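Here the structure is laid out as structure tokens; the discussion comes afterwards.
Bear in mind the structure is a predicted one, so any value in this text is a computation, not a measurement. Sequence positions, counted from 1, serve as the residue numbers for this chain.
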Amino acid sequence: MTYAFLIVAAAISIYALLCVVRIILTWIPGGSYTGFGRFLSALCDPYLNLFRRGWLRLGTIDFSPLVALAVLTLASILFQTLGDGTRVTLAAILILVIEIVWKVVASILLFLIVVLVIRLIVFLSGADRNSPLWAQIDASLNPLVYTITKFFTGNRLVAYKNALIFAIILLLVLRIGGVFAVGALLRICAMIPF
């Protein structure tokens, strides 16, 4: 029975890798229209589409593939653990789920922090004037930036530079605070006897 679990874990890992390749092909113009691209689309899109919901989008940025890959990773690790003969407990499953969810959330927060810091630097340098690229990035980021800014200022109008700074600070606080909160939650889960 352990070999069956290991085979399932390996199959899930291979499927996750194929999903990664499918996701990358969507970034390449025409990549999805090759024979291999259509094959991967038929194989991976039904699964990836399960996660394409509005709450996983931030403007034009879609985080659903990250969540879909996290679920596959969780399943692969779970089957690998079963295949290794390790006793699976409720505490172990909770710890695994919390760690994977936190990795996804932490990755999204880090990505947003980096993008906002780069945006702030470009804004301060003035290199973004009349740039369609930065206009598109702003269209994706502004809903988040101004939602976060309302947290600090209520409904008062705030200069774009200040809104970016507020958003960066709050996301950094969430990222750092999340490390401590998740650590405490993992210690609590580790005390579960079963």
Hydrophobic clusters here meaning ILVMFWY residues chained together by side-chain heavy-atom distances under 4.5 Å, can you tell me if [X] and [Y] are in one?
| X | Y | value |
| --- | --- | --- |
| Leu112 | Ile176 | no |
| Ile188 | Ile100 | no |
| Ile23 | Leu50 | yes |
| Leu25 | Leu17 | no |
| Ile14 | Leu72 | yes |

Among [options], side chain to side chain contact (heavy atoms under 4.5 Å, CB included) partner for [X]:
| X | options | value |
| --- | --- | --- |
| Ile113 | Ile169, Leu171, Leu174 | Leu171 |
| Arg175 | Ile108, Leu110, Leu170, Val105 | Leu110 |
| Leu78 | Val8, Ile12, Ile93, Thr73 | Ile93 |

Exercise for the section: Report yes or no: do Ser13 and Ser76 form a side-chain donor-acceptor pair below 3.5 Å? Expected result: yes

Practice task
Please check if any side-chain donor atom of Ser32 sits under 3.5 Å from a side-chain acceptor atom of Arg22, or the reverse.
Solution key: yes

Exercise for the section: Kindly give the heavy-atom pair with the smallest separation between Tyr146 and Ala163, and that separation in Å. Expected result: CE2-CB, 3.8 Å

Handout entry: Smallest separation among heavy atoms of Gly178 and Trp102, with atom names
Key = CA-CH2, 3.5 Å

Between [atom1] of [X] and [atom2] of [Y], what distance do you get to the nearest 0.5 Å?
| X | Y | atom1 | atom2 | result |
| --- | --- | --- | --- | --- |
| Ile118 | Ile137 | CD1 | CD1 | 8.5 Å |
| Thr89 | Leu94 | OG1 | CG | 8.5 Å |
| Glu99 | Ile77 | CD | CD1 | 8.5 Å |
| Leu164 | Leu141 | CG | CG | 8.0 Å |
| Phe166 | Thr153 | CZ | OG1 | 6.5 Å |
| Ile165 | Leu124 | CD1 | CG | 7.0 Å |

Taking side chain as C-beta onward, heavy atoms only, is [X] less than 4.5 Å from [Y]?
| X | Y | value |
| --- | --- | --- |
| Leu66 | Phe51 | no |
| Asp45 | Leu48 | yes |
| Thr149 | Asn162 | no |
| Leu43 | Tyr15 | yes |

Completion exercise
So salt bridge (charged side-chain N to carboxylate O under 4.0 Å, His left out) across residues 131-141, not counting sequence neighbours, yields Arg119-Asp138

Practice task
For the pair Ser41 (side chain) and Gly37 (backbone), establish whether a donor and an acceptor sit closer than 3.5 Å, ignoring hydrogens and angles.
Solution key: no

Fill in the blank from the handout: Sequence neighbours excluded, the answer for side chain to side chain donor-acceptor pair (under 3.5 Å) partners of Ser64 is Asp62

Handout entry: Under the ring pair (Phe, Tyr, Trp, His ring centres under 6.0 Å) test, residues paired with Phe123 that sit two or more places apart
Key = Tyr160

Handout entry: Mutual orientation of the aromatic rings belonging to Phe5 and Phe79 [parallel < 30°, tilted 30-60°, perpendicular > 60°]
Key = tilted

